[in-house]
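Each ligand, and each atom within it, is numbered from 1 in the order the structure gives. In this chain, residues are counted from 1 in sequence order.
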Amino acid sequence: MSEQGARRHVRAPADDLRDLHEAADLDLQHAAEGVRDVLGYGVVAVSLLRGTGEYEFVAVVGPPDARDYLLGTHLAGEQLDRAIAAADVHGRVHYVPRGRLPDNGPRWASDAPRTGDPEVWSPDDELFVMFVDQTGSVRGHVAVDHPPGGRVPTVTMRSQLEAYVERMVPVLLHADSLHRSDEQLRIAAQARRVVRSAITRLDESDLLDAAGADLADCLRADEVWFHTEDPRRLLRHPAGAGTDPPSEIVERIRVMADRAWRGQLAVVVEDERVLPEGSGSDGWEEVLGFLHGVGLESMLLVPVGAGVQCLGAVVGVRRSGAAEWSDLEILAAQDLGRDLGSALQTARFFERERGHAAYKQQLIATIAHELKNPLTAVRGNLELLQDEVAEQPAATMLSDRIGRATHRLAVLVDNLLTLSAVDEAADVRDGRSVDLAALVADAVEVVTVQAGQRGVTVSVDAAPGARVRGMPGELEHLVVNLVSNAVKYSDDGGEVAIRVGAEDRDAVLAVTDRGIGIAEEERGRIFGEFFRSANPRARTRPGTGLGLAIAARVVERHGGRIDVQSTLGQGSTFEVRLPLDR
Ligand code: ADP
């Protein structure tokens with residue numbers, strides 16, 4: 001195959017869509033030309049009913065001035081409704097004779113002469129056919145002017161016009177659905193952007209900032225306001241320009257949002273009315289009054305919430321002269337209210353958690369520091385006392401007890417201090433290169449006495465190369481903790497096996513004991529702070545429930561993972577994997 005033949009033109013979906021649109025617009029134009037060529041009308045204008053309730057002229061046949069005036073313009077729904085109400089009706093054909101509806105808004109009229117003869121067509125006469133779909137809903141209309149012979153069309157001619165438009169319906173519907181899906185696509189794509197940018201933000205202000213600009217695009221709003229409850233505030237996009245609504249208006253919006261959330265509706269305030277009617281949006285007149293006062297025309301209020309709780313509202317506002325809010329926009333906005341609600345709730349949850357965690361860490365650090373000084377004083381004085389009472393067995397026994405209790409207290413305080421230290425932000429990649437095998441050797445030293453007293457043997461299988469980058473003090477804490485736990489939770493005469501080495505990209509440390517084991521239901525909780533087993537065999541051994549919590553945080557800070565495998569009554573293996581330092 002030649003290179004030429006192998007190369008294929010790749011069409012983007014957008015190309016296909018554009019082609020479809022062009023084809024549909026051409027079909028409309030041909031259909032309109034048919035009315036001129038077959039039935040002899042000099043001007044034919046085809047409109048489609050938009051989601052905003054307006055009729056947009058999408059194809060126009062006739063003299064240039066008619067095309068310039070009509071093509072792409074919108075006819076208000078009410079204007080056409082008034083014409084329909086005033087018209088002589090033959091089927092779907094409507095004829096409004098001159099003078100019957102003198103002030104029905106702007107419309108194109110030819111400069112043909114006006115005569116008093118009712119049989120002669122006048123530029124002020126109106127003739128149009130409504131077109132409806134299979135369900136009977138109005139989807140647009142076809143208006144004509146310059147009838148053949150310059151005479152008011154007879155009933156027969158009106159029937160012919162109706163029949164011709166009837167034949168155009170499939171073409172009109174096809175074009176209409178393409179235009180609609182276009183708007184749907186635009187809104188869906190932009191709504192996705194809003195949600196995507198919102199869900200990745202865990203800070204509330206960030207989230208609202210990020211969503212604001214995208215929302216303005218999606219809703220084609222000139223401004224977007226966010227009203228949030230708790231904290232009660234109003235943010236505007238773009239901030240700075242325009243006028244902030246006063247507190248009474250914000251309060252109205254709050255009440256409207258609350259009602260709207262309960263009814264799961266979006267509320268439109270425009271044009272001296274509120275939609276949907278009867279939505280209980282008391283006070284909307286004041287809101288509209290404020291909008292008009294600052295050059296704004298209408299607003300779309302979308303309640304934002306999650307579950308039964310209304311968290312606030314998004315309000316899109318449009319300036320005077322902008323289009324009305326379309327059905328599709330209103331529907332999309334309702335969905336967005338729900339999506340933003342869950343994003344907002346998640347962000348708040350995380351904010352609260354962050355606040356709690358920071359507070360807790362602060363509290364633990366403060367208490368531990370405050371305990372340290374008196375504890376040192378107690379220990380120092382106890383030593384002096386023990387010298388004094390060395391000859392008195394009863395007093396010696398009591399002071400030894402105090403000594404053991406004080407020692408446990410000191411361990412607890414040290415653990416608390418370590419716990420708060422490993423909570424502080426630090427970039428462990430700036431740490432030093434540490435050899436895990438060396439840490440293991442040190443840890444075995446630390447537990448020698450304890451293991452010896454209970455006849456527990458500790459064996460080490462160390463392969464070279466298990467280097468990790470991080471905080472030496474923290475890593476030492478981690479290793480000592482796992483090794484001393486293994487000894488502590490072994491039975492007398494038990495065995496502890498430690499393996500350390502490099503596997504793939506990880507440095508691996510595994511500490512195995514044949515001790516009391518951990519029940520399955522407790523395995524998920526042992527890494528939590530202050531967790532101690534309910535197992536009576538574990539309870540007899542001293543501990544604070546902080547060792548593994550510290551271990552887990554150290555591992556996490558160093559980008560690794562810690563896992564436990566255990567069988568109750570048979571023993572446990574704790575395995576730590578940390579990224580190798582190469
Ligand atoms: P503690 O100070 O109580 O040892 P840790 O945080 O180190 O606190 O451990 C939490 C709990 O996990 C312990 O109370 C114990 O029940 C259980 N545990 C830890 N290591 C082992 C082990 N090697 N064998 C059995 N149980 C263990």
Verdict with reasoning, Thr406 to Arg379, per side chain to side chain donor-acceptor pair (under 3.5 Å): CA-CA 7 Å; Thr406 318; Arg379 294 177 86 178; over 6 Å; no

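Between the His477 side chain and the Gly473 main chain, no donor and acceptor come within less than 3.5 Å of each other. At least one donor-acceptor pair closer than 3.5 Å links the side chain of Ser566 to the backbone N or O of Gly571. In this structure a side-chain-to-backbone donor-acceptor pair under 3.5 Å is present from His558 to Met471. Within the 3.5 Å criterion, the main-chain N or O of Val389 finds a donor-acceptor partner in the side chain of Thr396.
Among protein residues, Asn481, Asn485, Lys488, Tyr489, Asp513, Ile516, Gly517, Ile518, Ile526, Phe531, Arg532, Ser533, Ala538, Gly543, Thr544, Gly545, Leu546, Gly547, Leu548, Ser572, Phe574 come within 4.0 Å of ligand 1, judged on heavy atoms.
Ionic pairing of Lys372 and Asp414 is present here: one or more N-O contacts between side-chain nitrogen and carboxylate oxygen are shorter than 4.0 angstrom.
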